[in-house]
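Only a predicted model underlies this, so the values are computations on that prediction, with no experimental measurement involved.
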Number of protein chains: 2
Amino acid sequence: MPRPRQPRLTRQLIVETATAVIDAEGLPAFSTRRLAAELGVRGPSLYNHFATKDEILDAVADTVTAAVDTSGFASRDWAAALRDWAWSYRRALTAHPNIVPYLAQGPGRRPAALAMADAVYGGLVRAGWPPARATHIGAALRYFVAGSALGSFARGFVEDPELYAAHYPHLRQAHRLAEHQQSVDEGAFALGLDALLHGLAAEYARTVGPLDPVESARSSG
Amino acid sequence: MPRPRQPRLTRQLIVETATAVIDAEGLPAFSTRRLAAELGVRGPSLYNHFATKDEILDAVADTVTAAVDTSGFASRDWAAALRDWAWSYRRALTAHPNIVPYLAQGPGRRPAALAMADAVYGGLVRAGWPPARATHIGAALRYFVAGSALGSFARGFVEDPELYAAHYPHLRQAHRLAEHQQSVDEGAFALGLDALLHGLAAEYARTVGPLDPVESARSSG
DNA sequence: ACCCTTAAACTAGCGGTGTAAGTTTTGTCG
DNA sequence: CGACAAAACTTACACCGCTAGTTTAAGGGT
């Protein structure tokens, strides 16, 4: 079959279909031929629109990241903005859990990830945090969010009580974790985020608080 | 070549060599044939000792996890024990960064991971934390450690200043991140861990502190 | 000492993967 | 109207995880 009257593929259509396949069947099942079949096309045709498979995955990861809301840094105080961002970030990742293992391996050169990092860093520096500290805070929260979306704590546990009773005395109840996976993961995230922000607020009060944030931003901007 | 006088493979030798290959060449380069070649053997021979490739990877992940030290929970107060554990956990993962993407996808049924979870959970409950809270704390710290080892924040950035100057105004200096990758990642980890522990200590004082931890452990054990 | 079972390597091969190369037809533009 | 680029195609390569069947050595039983 030669060139069709109307192109059957576009970058956007490929990315959307790739996202759907990954969501439905997981990363390992996602192959160029599988994706092409879903698009009514043969595998190599994709290479008219993307240079490599990784480029497709990058595009998927980028659209997932683009859904993260960083607008809080423009309108709210730094702590509230961080909290809003972290939750939005988590929601964006858990909406497409199967792509997270790929996405989590570094911000890369993806525009949406860079724009997000830029907004966070800028917001923190504007609030008076020293640049090095702002970098660390953004990184620490990214670690936490990515880790929570990636390694669902409860997912690994099995529903067979016998397995734990014998060798892991304190995990006697662990088989129940599987039932409550989502609430465990969200509870752990909420607790950890609150603790992180609490600790950062204390650090802020100790090292930055004395200065007027606005002044501080003006003098360093 | 038939059965040799002396077996050339053992599970331990396979795991050690697999670790070396992954450390040296990365997860994508790790294939059964590549591993077998390193062992002076043909690919399928591995299947006399392991049922699948994933079983080999699980064994590698387990030995990495086994290096984590949780002894603090037996001898120190819960906060110090958590700090020691988190750093030990991080050191174990960053010693073999290439296996982390595999390892981070849940505790699974790996014995070392379960033993670690058991020690942490038990230590926290003994210190007076309610069981649900203990689960959340262990999970939150795992998120943070795994995320930090997985998605090295600095790694993704490029050394070309031009790339950032145009579109990401606040990241003007981002190209410098690549130079200081290790110190950025460690600084972010140290900051985040301190903040987390600070927040947890406040929570402890508010909800558990009033009770004598020893009493509390006795009454719930 | 012999046989039988099992272990541990082998070879051959299946179906799948990412992707390179070259082909064919269509749409578009000078 | 002819040239060229675009977008599909087919073919093919090297590699992948893994299965099946083969060969020989090691070890235990009589």
Keeping A:T17 on the side-chain end and A:L13 on the backbone end, is there a donor-acceptor pair under 3.5 Å? yes
Polar contact flag, side-chain donor to acceptor under 3.5 angstrom, B:T65-B:R110: no
Ignoring hydrogens and angles, tell me if any N or O in the side chain of A:R133 forms a donor-acceptor pair with the backbone of B:L191 under 3.5 Å. no
Rounded to whole angstrom units, what separation is found between the CG atom of B:L13 and the C1' atom of C:dA9? 15 Å
Check: A:W85 and A:L141 side chains under 4.5 Å, non-hydrogen atoms: yes
Check each residue of residues 26-55 of chain A for a non-hydrogen atom within less than 4.0 Å of any atom in DNA chain D, then write out the ones that pass by number, or none. A:R33, A:V41, A:R42, A:P44, A:S45, A:N48, A:H49
List in chain and number order the residues that pass ring-ring contact (aromatic ring centres under 6.0 Å, His included) with B:W78, two or more places apart in sequence or in another chain; answer none if no residue qualifies. B:W129, B:Y204
